[in-house]
Amino acid sequence: MGRTDRAGRVIAAPPATVYGALLDRGALEVWLPPDGMRGRVERWDPRPGGGFRMVLTYLDPADSPGKTSDATDVVDVGLVELVPAERVVQRAVFEADDPSYAGTMTMTWQLTAVGAGTEVTVTATDVPPGIDPAAHEAGIASSLAHLASYVEAGD
């Protein structure tokens with residue numbers, strides 16, 4: 001594989017607040033699904049070596065067929081590294097019959113204090129070839145916008 005996708009955004013909240021939203025089950029269900037999707041966490045073990053399983057459902061599956069079924073993407077996420085207020089490293093595996101979605105994608109969420117906020121940079125490495133690069137980067141940017149709205153509102 002070897003492909004890398006990335007996106008970033010400055011969020012008007014301190015790194016500790018952003019980090020907390022990365023490891024809060026209810027928060028993830030609200031902000032992680034990109035535009036056009038909703039999410040549900042089925043399994044939750046927020047520690048290094050633990051992880052979670054998220055079911056993402058397309059609001060209009062006719063426009064974007066899912067990887068797991070016509071209307072869903074199911075992803076098992078392992079938590080590899082957790083550095084409070086600094087970094088979360090995840091390994092994501094999509095549940096899919098199509099081999100173009102096979103493999104383990106590593107997602108690194110890097111948090112850097114800047115001024116009165118946090119620069120969040122998301123780097124996805126070993127992205128499966130079935131994931132369209134432009135759509136993936138737009139999806140990450142959408143999730144980052146939702147994360148910003150979530151933490152900036154003080155939820």
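Excluded from the calculations below are hydrogen atoms, water molecules and symmetry mates; all remaining heavy atoms, backbone and side chain alike, are included.
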Can a side-chain donor-acceptor contact be found between Tyr58 and Asp73 if the only test is distance below 3.5 angstrom?
yes
Should Gln90 and Phe52 count as side-chain neighbours, where that means a heavy-atom distance under 4.5 Å?
yes
As an exercise, state the distance from CD of Glu137 to CG of Asp132, rounded to the nearest 0.5 Å.
9.5 Å
With a 4.5 Å cut-off on side-chain heavy-atom distances among I, L, V, M, F, W and Y, is there a chain of contacts connecting Val80 to Val77?
no
What pairs with Val93 under side chain to side chain contact (heavy atoms under 4.5 Å, CB included), at least two apart in sequence or on another chain?
Thr104
When you group the ILVMFWY residues by side-chain heavy-atom contacts below 4.5 Å and let the links chain together, are Leu82 and Val89 in the same group?
no
Arg53 side, atom CZ; Asp45 side, atom CG - distance, nearest 0.5 Å:
15.0 Å
Near Arg38 CZ, under 6.0 Å, is it more than 12 heavy atoms from other residues, nucleotides or ligands?
no
I would like to know whether Arg47 and Leu79 meet side-chain contact (heavy atoms from CB on, under 4.5 Å); could you show each step before the answer?
CA-CA 7 Å; Arg47 62 178 176 82; Leu79 297 173; over 6 Å; no
For Ala27 versus Ala21, what's the shortest heavy-atom pair and its separation?
CB-O, 3.8 Å
How long is the span from the OG1 atom in Thr106 to the CD atom in Glu81, to the nearest 0.5 Å?
11.5 Å
Any Val74 side-chain heavy atom under 4.5 Å of Phe94 side chain:
no
Val120 vs Gln110, side-chain contact (heavy atoms from CB on, under 4.5 Å): CA-CA, chis, key distance, verdict
CA-CA 6 Å; Val120 182; Gln110 186 68 44; over 6 Å; no
Taking it one step at a time, do Glu152 and Ile11 satisfy side-chain contact (heavy atoms from CB on, under 4.5 Å)?
CA-CA 7 Å; Glu152 291 169 358; Ile11 295 176; 3.7 Å; yes
Contact check, side chains of Leu22 and Leu111, non-hydrogen atoms, under 4.5 Å:
yes
Does any part of the side chain of Leu28, heavy atoms only, come nearer than 4.5 Å to the side chain of Tyr150, both counted from C-beta?
no
If every non-hydrogen atom of Ala7 is compared with every non-hydrogen atom of Ala141, which pair is closest and at what distance?
CB-N, 4.2 Å
Output the distance between atom CH2 (Trp31) and atom OG (Ser143), rounded to the nearest 0.5 Å.
6.5 Å
Check side chain to side chain contact (heavy atoms under 4.5 Å, CB included) between His136 and all other residues, then give those that pass, not counting sequence neighbours.
Arg3, Asp5, Met105, Ala124, Val127, Ile131, Ile140
Could you tell me whether the side chain of Thr118 reaches within less than 4.5 Å of the side chain of Val10, counting heavy atoms only?
no
Does any pair with a residue in residues 6-35 pass salt bridge (Lys or Arg N to Asp or Glu O under 4.0 Å), and if so which ones, sequence neighbours excluded?
none
Using a 6.0 Å cut-off, check whether atom CZ of Arg87 has over 12 heavy atoms from anything other than its own residue.
yes
Heavy-atom closest contact (Gly39 atom, Pro33 atom, distance)
N-CG, 3.3 Å
Quick one: pull up CG in Asp126 and CE in Met107 and give me the separation to the nearest 0.5 Å.
12.5 Å
State plainly whether the residues Asp76 and Arg43 are in salt-bridge range, i.e. N to O under 4.0 Å.
yes
Taking C-beta and beyond as the side chain, do Leu144 and Val122 meet within less than 4.5 Å on heavy atoms?
yes
